[in-house]
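Step one of this worksheet: look at the structure below.
In listed order, ligands and their atoms are each counted from 1. Heavy atoms only: backbone and side chains are in, while hydrogens, waters and symmetry mates are out.
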Amino acid sequence: MSHSTEDIKARVDDLFPGIRKDLEDLVRIESVSADPERLSEVEKSAEKTRDLFAAEGFDVEIVRAFDGAPPAVVGEKKGPEGAPTVLLYAHHDVQPENDHADWNTPPYEPTEVGDRLYGRGAADDKAGIAAHIGAVRALASLDENGDLPVTVRLFIEGEEEVASATLPELLGKYQDKLRADVIVIADSGNWDIGVPALTTSLRGLIRVDVELRTLGHAVHSGMWGGLAPDAIMALVRLLNTLWDENGAPAVEGLVSGPAADVDYPEERLRAESGAIAGLEWVGKGSAVERMWTQPAITITGLDAPKVDGASNTLAPSARAKVTIRIAPGDSGENAVAALQKHLEKHVPWGAELTTKVVDTGEPIALDATGPAYDAARAAFTEAWDGTAPIDMGVGGSIPFIAEFLDAFPQASVLVTGVEDPDTRAHGANEGLHLAEFRRVVVAEALLLQKLGSR
Ligand SMILES: [Zn+2]
């Protein structure tokens, strides 16, 4: 039995105070996975998550890759015979709140101000957990037997904010409990207030430490300057070759692709980036191409003598961290090779080049077609009163998505979420837009119902 969109919206409205209370209880737990002092809080958030889903009729447990590993919550509520299986993902750990003085409200006391509920994890990603709870609660409460239209499985991770170190192991160890036809990853966001999105592409990255040496030791700049090149001079000249005159990447062999035809309004770009007045953008192509489907090269660190106290010497060596966001279609291996070749070709004056690959993360382009995507687009459009979702790219990476694609290559992966341009995930004053959150819950309930009626 299928319920009308209006019935589902009305039921989510009725249940909303309870869904919000569950979210607030989760936010009060300081589950900072990066803080060794608060690991007991990460355990508490796992227990609270387990208990919340147990109350919805899930068969649910806390699991770990090995003794002492971070706690994940795995569960299932069976749907009708023959119905598809949907795996719901979120994470219950949070980023550190950092300096409390930067917050306008206490980070672990959820506080409503204006349209938003503020608190660490209020969006990223405890609202993902709450959206899953809200969707299954609404559907079960509309069914006379409390049943769901599909088999729902859960995977609520406790180490996403510390790079999901044991995730591959967990996905392997519990694959029989996690396998699904559709995986809903609620850890991204929507395009804007009132405009939903599905996240369909993500850039990867490589980080390479580049060191140049020109001298065996520092020498007097008055005596040797003008003849011997110092390492900073050589490094500056080398780094300058990484971009063309527009600031677009000039490393041959990096992959670029087309982006969705999305207009990112200039005012939003300026406001959200904090660009100073009169700043010119770099690169070529549409704004979203430059941010989502083209590579970007950034120097994220430099080692050279400090300005204060600098002596009159030629620096013998200097180092930079070169970070390249790589576009969908590229690979870490290709980008590292392209960068290496470029650097070798452009090293000036016979300087000695040393490179060290710090890490690589692969880009992702999801196959955003097929019945699960059709169902999601219809569900989002109904939840947002007729506004269809856009296919959004994300300039950064969510490395764990690749782990799911590897572990379950047959599944359709939908990347959704509660964030909006002003969420400030990971920053001070993280906040959830409550009206949008309600739509997210409605959309997920509609999606599960549509997947069940296929
Ligand atoms: Zn997250």
Worksheet entry | Sequence neighbours excluded - ring-ring contact (aromatic ring centres under 6.0 Å, His included) pairs with any residue from residues 427-454 | Phe16-Phe437
Worksheet item: Pairs in or reaching into residues 112-141: which pass ring-ring contact (aromatic ring centres under 6.0 Å, His included), with residues at least two apart or in two chains?
Response: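 Matches after skipping sequence neighbours: none remain.
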Fill in: Those residues that, when tested against Asp385, pass side-chain contact (heavy atoms from CB on, under 4.5 Å) (two or more places apart)
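For Asp385, the residues satisfying side-chain contact (heavy atoms from CB on, under 4.5 Å) (neighbours in sequence not counted) are Lys9, Arg439.
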Worksheet entry | Donor + acceptor pair across side chains of Glu362, Ser331 (<3.5 Å) | no
Worksheet item: Which atom names give the shortest non-hydrogen contact between Val251 and Ala338, and what distance separates them?
Response: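 In this case the closest contact between Val251 and Ala338 is CG1-O, 3.6 Å.
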Item to complete: Sort by chain and number the protein N/O/S atoms found under 2.8 Å from the Zn ion (ligand 1).
Response: His91 NE2, Asp124 OD1, Asp187 OD1, Asp187 OD2
Worksheet item: Is any side-chain heavy atom of Ile185 less than 4.5 Å from a side-chain heavy atom of Leu414?
Response: no
